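Please read the structure below before turning to the comments.
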Amino acid sequence: MRRSIPSFRPCIDLHDGKVKQIVGGTLNTAAGESALATNFVSDRPPEYFAELYRRDDLRGGHIIKLGPGNDPAAKAALAAWPGGMQVGGGINADNAGAWLNAGADKVIVTSFVFSGGEFHRAHLDAMLRAVGKQNLVLDLSCRKCADGAYRVVTDRWKNFTSLEVNGATLEMLGSCCAEFLIHAVDVEGLCAGIDEELLHLLGRYAPIDCVYAGGVSNWNDVEKIERAGLSYTIGSALDIFGGPVRYAEVVARAGRNAGANQPT
């Protein structure tokens, strides 16, 4: 496998232009925004968090635009940490280059490649022509179906696609992007533990760097992810988002891990 050393990846989730932590499963509702379960809404602008990550040299994190009205906030965060963060949400072959020009390290794509519930190779090829493999992250965020398979979900995690996240899929798509970002949507935002079955699948089959997100609640979860060889993000459990895990300790751990893996 051609994967880098696991690392912590910070996040900025944007909804209605504000930094929020949302229970992922509640985005999948016919009841609309009134049914949205929110763990945290910041009174600080997104660039505050981007500047914090820049100060601590935390690279490769993601800015996710959850719905419309988030472009100005995303651009402000990118301007605060140019080249330090990725951006996703509504990215397609027409606008991806503009987001790279706005300061994104990479662009994250889901719905454009999986529109209408199906994987569209032609759309993926269009993304590759637009930005190149080295600038592309495929978001394979998924939920478990009744048959036990994990399938990619799109459109703010409301709609299932036909594509199963398995060894064959990861091998096929691993040749078309620089990295995977995968939210375990069934546990996203619950702070009740990670999806270990999905974690083991990704740890075994992902042929490239893979960032796991969803359910991290403590250091035991982090250690399991690192042992699987994956990078990770912590959202609602982090104290800067109102949770119990201290951001300062996460930064210190990231520094120790980076130092331990420097060549001697």
Side-chain angles (χ1 to χ4, degrees), residues 1-14 21-22 24 27 53 58-66 70 74 77-78 81 84-92 96 99-100 104-114 119 123-124 127-128 131-143 150-157 161 163-166 169-189 194-195 198-199 201-203 205-216 222 225-226 228-236 238:
M1 290 188 180
R2 305 176 299 279
R3 296 208 299 246
S4 303
I5 300 300
S7 60
F8 168 67
R9 305 293 191 88
C11 65
I12 300 175
D13 292 346
L14 298 173
Q21 287 294 314
I22 293 170
L27 289 169
Y53 304 152
L58 297 173
R59 298 174 180 270
H62 50 269
I63 301 166
I64 300 296
K65 299 180 289 152
L66 296 169
N70 293 304
L78 290 173
W81 192 189
M85 299 196 74
Q86 306 165 0
V87 66
I91 305 296
N92 57 48
W99 283 106
L100 293 176
D105 172 52
K106 295 177 176 64
V107 291
I108 305 166
V109 177
T110 310
S111 295
F112 179 68
V113 172
F114 298 99
F119 168 62
H123 291 188
L124 176 56
M127 285 300 310
L128 291 170
V131 300
K133 171 184 173 179
Q134 72 279 6
N135 294 314
L136 180 62
V137 176
L138 286 179
D139 183 343
L140 303 182
S141 296
C142 56
R143 305 186 77 165
Y150 288 94
R151 289 189 171 83
V152 174
V153 288
T154 63
D155 306 309
R156 292 189 290 167
W157 303 328
T161 73
L163 190 72
E164 182 178 348
V165 178
N166 55 27
T169 295
L170 294 170
E171 187 65 31
M172 173 187 68
L173 296 179
S175 64
C176 303
C177 63
E179 187 171 283
F180 295 129
L181 171 63
I182 302 182
H183 290 79
V185 178
D186 291 324
V187 298
E188 172 71 21
I194 57 177
D195 186 330
L198 177 60
L199 178 68
L201 186 159
L202 300 176
Y205 292 113
I208 59 173
D209 287 350
C210 183
V211 180
Y212 170 91
V216 176
V222 170
I225 298 169
E226 289 181 341
L230 307 181
S231 294
Y232 60 95
T233 190
I234 306 175
S236 297
L238 212 55

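These numbers come from the heavy atoms of this one structure, side chains and all, not from hydrogens, waters or symmetry mates. Nothing here was measured: the structure is a model prediction, and the numbers come from that model.
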Task: CG on Leu124 to CZ on Phe114, rounded to 0.5 Å - done: 8.0 Å
Open item on the list: Quick one, Ile182 and Leu230 - any side-chain contact, counting heavy atoms below 4.5 Å?
Closed with: no
TODO: First locate atom CH2 of Trp157, then atom CG of Asp186, and finally report the distance between them rounded to the nearest 0.5 Å.
DONE: 11.0 Å
- [ ] Using a 4.5 Å cut-off on heavy atoms from C-beta on, say whether the side chain of Leu78 contacts that of Trp99.
- [x] yes
Task: Non-hydrogen atoms of Gly174 and Pro207 that approach each other most closely - done: CA-CG, 4.1 Å
- [ ] Supply the atom-to-atom distance Cys142 SG to Leu201 CG, rounded to the nearest 0.5 angstrom.
- [x] 8.0 Å
Task: Nearest non-hydrogen partners of Thr233 and Pro10, listed with the distance - done: OG1-C, 4.0 Å
Task: Under 3.5 Å: donor-acceptor pair, side chain of Ser111, backbone of Asp155 - done: yes
Task: Donor-acceptor contact below 3.5 Å, side chain Thr169 vs main chain Glu164 - done: yes
Task: Partner of Val152 under side chain to side chain contact (heavy atoms under 4.5 Å, CB included), chosen from Val185, Leu163, Val113, Asp139 - done: Leu163
Task: Partner set under side-chain hydrogen bond (donor to acceptor under 3.5 Å, both in side chains) for Ser7, not counting sequence neighbours - done: Arg9, Ser231
Open item on the list: With side-chain contact (heavy atoms from CB on, under 4.5 Å) as the criterion, how do Ile234 and Val222 come out once you've worked through the C-alpha distance, each side chain's angles and the decisive distance to 0.1 Å?
Closed with: CA-CA 9 Å; Ile234 306 175; Val222 170; 4.0 Å; yes
Task: Exercise: identify the closest heavy-atom pair between Ala74 and Lys65 - done: CB-CD, 3.8 Å
Open item on the list: Which heavy atom of Ile108 sits nearest to which heavy atom of His62, and what is that distance?
Closed with: CD1-CB, 3.6 Å
- [ ] Could you tell me which non-hydrogen atom of Met172 sits nearest to which non-hydrogen atom of Phe119, and how far apart they are?
- [x] CE-CE2, 4.1 Å
Open item on the list: Between Leu138 and Phe180, is the side-chain contact (heavy atoms from CB on, under 4.5 Å) condition met? List the steps.
Closed with: CA-CA 5 Å; Leu138 286 179; Phe180 295 129; 4.2 Å; yes
TODO: Look up atom CG in Asp209 and atom SG in Cys177, then write down how far apart they are to the nearest 0.5 Å.
DONE: 10.0 Å
Open item on the list: Within this structure, what is the CG-CD distance for the pair Asp105 and Glu179, rounded to the nearest 0.5 Å?
Closed with: 8.5 Å
Open item on the list: Less than 4.5 Å apart, side chain to side chain, heavy atoms only: is that true for Leu136 and Cys176?
Closed with: no
- [ ] Keeping the roles fixed (side chain from His123, backbone from Phe112), state whether a donor-acceptor pair exists under 3.5 Å.
- [x] yes
Open item on the list: Going by side chain to side chain contact (heavy atoms under 4.5 Å, CB included), Phe8 matches just one of Val211, Ile225, Leu238. Which one?
Closed with: Leu238
Task: From CA spacing to verdict: side-chain contact (heavy atoms from CB on, under 4.5 Å), Val109, Asn92 - done: CA-CA 7 Å; Val109 177; Asn92 57 48; over 6 Å; no
TODO: Evaluate the side-chain contact (heavy atoms from CB on, under 4.5 Å) criterion for residues Asp195 and Tyr150: first the C-alpha distance (whole Å), next the side-chain angles of each, then the deciding distance (0.1 Å), finally the verdict.
DONE: CA-CA 11 Å; Asp195 186 330; Tyr150 288 94; 2.9 Å; yes
- [ ] Please confirm whether the backbone N or O of Gly229 pairs with a side-chain atom of Arg3, one donor and one acceptor, at under 3.5 Å?
- [x] yes
Open item on the list: Quick check: do Val107 and Met127 have side-chain heavy atoms less than 4.5 Å from each other?
Closed with: yes
- [ ] Search all heavy atoms of Lys106 against all heavy atoms of Leu100 and return the closest pair with its distance.
- [x] CA-CD2, 4.0 Å
TODO: Decide yes or no for Asn70 and Ile64: does some side-chain heavy atom of the first lie under 4.5 Å from some side-chain heavy atom of the second?
DONE: no
Task: Atom pair OH/CD1 of Tyr53 and Ile12 - distance to nearest 0.5 Å - done: 5.5 Å
